[in-house]
Each structure stands twice: as structure tokens, then as C-alpha cells.
Amino acid sequence: MNIVILAAGMGKRMQSALPKVLHPLAGKALLSHVIDTARTLSPTSICVIYGHGGDMVPQMLRSDNLGFARQEPQLGTGHAVMQALPQLQDDVPTLILYGDVPLTRSESLRRLLDQAGGDKLSILTVNMEDPTGYGRIVRDNDRIVRIVEQKDASEQERAITEVNTGIMVAPTARLRAWLSTLSNDNAQGEYYLTDIVARAVADGVPVVSAQPDAVWETLGVNSKVQLAELERIHQRNLAYRLLEQGVTLADPARIDIRGSLTCGRDVSIDVGCVFEGDVTLGDGVTIGANCVLKNVRVGDGVSIKPFCHFEDAAIGAKSVIGPYARLRPGTMLAEDVHIGNFVEVKNSQIAAGSKANHLAYVGDATVGSRVNIGAGTITCNYDGANKLRTVIEDDAFIGSDTQLVAPVTVGRGATLGAGTTLTKDAPAGSLTVSRGRQTTIEGWKRPVKQPK
Ligand code: UD1
Ligand code: MG
């Protein structure tokens with residue numbers, strides 16, 4: 001099939017400079033949701049009709065096998081589909097989607113396509129308790145005869161609760177012919193796509209309908225309120241999918257997934273966590289409250305305590321991280337690593353069994369196995385111009401409040417005394433310390449306040 005996605009509308013009620021269809025839902029543009037769903041149907045072609053916001057839409061979403069057609073000015077949904085005609089193949093049907101209706105499931109679209117066959121006009125309809133604003137499906141003895149828009153409808157027609165979702169499938173050659181006969185002689189002065197229904201009936205082309213499983217699949221975004229509502233519906237769906245897979249969620253209403261979250265068995269996630277990009281959690285992972293994970297791979301049995309922030313990082317099995325830990329891009333932790341509170345790690349590899357449990361900065365470092373990094377340790381990795389590396393070999397012990405001025409290497413099994421400022425390599429197996437010797441001044445007296 002051909003797929004046409006209508007996305008030229010202006011979205012005035014969003015109160016935003018960004019074209020409506022580029023606003024994110026679950027971290028991804030509304031229109032990208034529609035394109036991704038369209039792609040699951042393996043169409044012959046996809047054509048996005050854009051207009052409002054200039055070239056921003058094609059610029060931001062340009063990709064392989066995606067066509068664009070500009071609609072300027074925007075004279076209605078029928079006029080929008082006309083812009084796609086040069087890109088449509090006549091021997092396959094055309095599916096019309098809306099760029100601001102992000103949650104339609106492919107199953108519902110397949111049902112609609114099955115109904116259409118190659119030769120029928122098929123409309124996705126729903127029954128709404130309050131159909132205000134929608135085009136109504138007018139039937140005569142059950143047969144659809146036309147669609148009437150809210151603004152053109154009579155009192156009687158407005159009482160109809162079956163509405164046009166806007167999503168439909170048409171035989172392409174017929175669609176071409178029908179569109180050429182549209183007029184804008186209606187309440188809105190627009191070329192209505194919906195007028196093709198009456199044309200089909202006049203031509204003796206059967207008009208059929210299909211219904212989605214849920215009404216939310218057909219809901220569009222016109223305002224920030226509706227965007228927030230659809231975000232919640234989508235997040236609830238994602239959360240329930242996780243629950244069905246056996247993931248424990250402290251509260252399915254308090255998790256946000258903006259990308260893909262893949263979980264092993266017996267994963268448990270506390271409230272307030274946000275997952276962005278691609279996140280993979282191994283078996284038995286537990287995540288405490290209020291953590292943000294973006295593009296992270298977490299090994300089996302890892303325990304993440306509350307209030308952690310990770311980005312572009314990998315965490316080895318059985319590690320214990322947090323609370324209040326920050327893993328920045330390029331962090332690679334091996335098995336059984338402990339990163340504690342107020343520890344920041346960036347672009348560093350830390351090998352198995354090593355620990356940095358309190359208040360440390362480990363940046364541009366290669367840390368061996370079973371290393372202990374004491375509280376307050378800082379790798380001084382930046383000289384104001386260049387980033388430089390610190391190497392800490394296996395079994396080293398870094399005393400508290402140590403500065404490692406890179407480039408510098410701490411040899412295997414070396415010990416650094418607390419408070420050391422290391423500017424030269426520390427030899428393996430020895431104690432290195434750089435601090436003034438401790439002295440006690442005999443007879444020293446604390447000053448006392450002089451009487452006035
Ligand atoms: C349309 C339908 C109505 C249906 C409703 C479902 C028509 C005439 N009416 O009404 O039957 O119940 O959707 O939400 O089709 N667009 C363009 N170019 C234009 C006009 C619109 O690309 O010139 C796009 C919009 O960006 C939007 C979609 O088409 O994605 C629908 O446009 P909108 O103005 O929201 O249509 P409605 O009046 O709500
Ligand atoms: Mg309109």
C-alpha cells in the first residue's frame with residue numbers, strides 16, 4: 001500500500017514555535033510514532049504532507065524511504081492528500097494517517113486494510129460518548145453513505161455518536177478521481193477528504209468500516225493538555241506490558257520510558273524512575289526510587305540505590321551503585337564494583353571488585369581489580385586544555401582526599417597515603433605519601449578574648 005501522513009496543520013493551540021507533529025511523546029516526535037507504526041505495515045511508500053513550520057519537519061525527520069510533499073497554503077484534508085498524488089502508485093491502495101495521532105496500533109490498521117481489500121473504501125470509526133467536533137458517520141440501513149463535519153451537520157446528524165477517526169484506506173486510482181471533484185463549498189471553506197465517501201457511494205464503491213480495540217488509539221493531539229493525557233495513556237500501556245512480563249513496578253503510574261527498556265527476570269523498579277534511549281536490565285536487577293538511566297546496560301543482580309543518574313554507561317553483574325551516584329558517558333564497570341554516594345565516574349573503566357564508596361571523581365581513568373578508592377579522591381584529568389589519563393593498577397589502595405594529577409600511574413598493590421597529591425607515578429607495592437609531617441607545637445596556647 002501507499003501511506004500518506006497528514007501533518008501540515010498548524011497546531012495553534014500548542015502555543016509553540018515548534019510544529020505540532022514534532023512535539024515529543026515518550027521522548028519521540030508525534031510524527032515519528034506514526035512513521036514507525038506505518039513502517040511495521042511494510043508499505044510501498046510513505047509520504048508525509050507538511051506545511052506549517054516550514055522545512056523543519058522534513059529537516060528533522062528525513063530518512064530513507066520517506067517522501068515529503070509540501071502543502072502551502074493548507075486548504076483542508078482533501079487538499080492535503082492531493083499533494084501526495086504524484087507519489088502514489090495506482091495499483092495498491094492508499095492508507096491515510098494523521099501525524100498528530102500517535103498511538104494507533106498496527107493491528108487496528110491491519111484490520112482496516114483487510115476490510116478494504118483492494119477495491120473498497122474503508123474507514124476507521126469509533127463510538128464516542130461526546131462526539132463534539134468530529135465528523136459523523138451517516139448510515140442508511142447500516143450502510144455508510146457519507147461523513148458530515150460537525151460544522152455542517154444538522155441537529156439530527158450531530159446526535160450520531162459514530163465518528164470518523166480520519167484514518168481511512170481508499171483504492172488509489174479512485175481516490176485520484178474523487179479528489180479531483182472536491183469542492184470547498186462548506187462551513188469551513190475547506191476541501192474535505194471526508195467528501196470522498198459520498199463520491200464512493202455514488203460510484204457504487206462499497207464503503208466499509210473497522211474499529212480499533214481502544215478509543216485512545218485514535219486520539220489526536222491539539223493542545224498540551226491532550227499531549228499530556230496521551231503521554232500518560234502511553235506510559236500506562238508500557239508499564240502494564242512490563243508487569244505482564246514479570247517486572248515488579250512499585251507503582252505503574254510512576255515510571256517513564258522514553259525509548260526502549262528491556263528487562264530480564266525478577267527485575268524490580270521503585271517509583272519515579274526515567275528510562276531514556278536504550279536501557280537493558282539483566283536478571284534480578286533492583287532500582288531504587290528516582291533514578292534516571294539513559295542508554296545504559298545493567299548486568300545481572302545489580303543493585304541501584306535511589307537518586308542515581310547514568311548516561312551511556314555499562315554496569316557489570318552484581319555491582320552496587322548509589323545512592324546519589326552519577327555515571328557519565330564512557331563508564332564501564334566490571335563485575336561486583338561498588339560506587340557509592342556522591343561519586344562521579346566519567347569515561348573510565350573500573351575492573352572487577354573495585355570500590356569508590358564516597359565522594360570521589362573518577363574521570364578518564366583505567367582502574368584495575370580490587371582497587372579501593374578512598375573518600376574525597378579526585379582524578380585531576382584536565383589541565384585547562386587537555387584531558388589526561390590516570391591508571392590505577394590492581395589491588396592499589398588510594399587513601400582518602402587524594403588528588404591524582406594526570407597523566408599518572410599508580411602501580412599494582414601500591415598504597416597512597418591520605419591527602420596525597422600525586423604528580424609522579426607511584427611505584428608498585430609501596431606506600432607513597434605527599435604531605436607535611438605531623439607536628440605538635442608544645443606550649444601553644446589558644447588566644448583568649450582581651451577584656452575591654
Ligand atoms: C478531521 C475530519 C473529521 C474527523 C477528524 C478526526 C475532515 C474534513 N474532517 O477533522 O471528519 O472526525 O479529523 O480528528 O477531514 N491537515 C493537513 N492539511 C490541511 C488540514 C489538515 O495536513 O489543510 C492535517 C492536520 O495536520 C491534522 C489532520 O490533517 O493532522 C486533521 O486536520 P484537522 O484540522 O485536525 O481536522 P478536523 O477538522 O479535526
Ligand atoms: Mg479542521
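Whatever order the structure lists ligands and atoms in, that order sets their numbers, starting from 1.
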Does [X], backbone or side chain, put an N or O under 3.5 Å from an N or O of ligand 1?
X      : value
Thr77  : yes
Asp100 : yes
Ala80  : no
Leu193 : no
Gly135 : yes

Is the contact between [X] and ligand 1 made by the side chain, the backbone, both, or neither, using heavy atoms and a 4.0 Å cut-off?
X      : value
Leu75  : backbone
Asn164 : both
Val163 : neither
Gln71  : side chain
Ala8   : both

Mark up the atoms of ligand 1 that fall under 4.0 Å of a heavy atom belonging to [X], in ascending order.
X      : result
Tyr192 : 8 (C)
Glu149 : 2 (C), 3 (C), 7 (C), 8 (C), 9 (N), 10 (O), 11 (O)
Gly9   : 17 (C), 22 (O), 25 (C), 26 (O)

After noting the C-alpha distance and the side-chain angles of Arg176 and Asp90, does the key distance pass the salt bridge (charged side-chain N to carboxylate O under 4.0 Å, His left out) rule? CA-CA 9 Å; Arg176 219 178 269 284; Asp90 274 2; 2.9 Å; yes

Are Asp55 and Gln59 close enough that a side-chain donor and a side-chain acceptor fall under 3.5 Å? no

Without hydrogens or angle criteria, can the side chains of Ser348 and Arg389 be said to hold a donor-acceptor pair below 3.5 Å? no

Under 3.5 Å: donor-acceptor pair, side chain of Arg254, backbone of Cys273: no

Using a strict threshold of under 4.0 Å (side-chain N to carboxylate O), is an ion pair present between Glu344 and Arg328? yes

Crowding at CG, Asp91 (>12 non-hydrogen neighbours, <6.0 Å): yes

More than 12 non-hydrogen atoms from neighbouring residues, nucleotides or ligands closer than 6.0 Å to NZ on Lys12, yes or no? no

Tell me whether Thr165 reaches ligand 1 (any heavy atom closer than 4.0 angstrom to a ligand atom). yes

For Ala7, state whether at least one heavy atom is located under 4.0 Å from any atom of ligand 1. yes

Return the orientation label for the Phe342 and Tyr324 ring planes: parallel under 30°, perpendicular over 60°, tilted otherwise. parallel

Between His234 and His33, how do the two ring planes meet: parallel, tilted or perpendicular, split at 30° and 60°? perpendicular

Glu157 and Arg146: salt bridge (charged side-chain N to carboxylate O under 4.0 Å, His left out), yes or no, with the steps? CA-CA 11 Å; Glu157 288 164 336; Arg146 64 195 177 92; 2.2 Å; yes

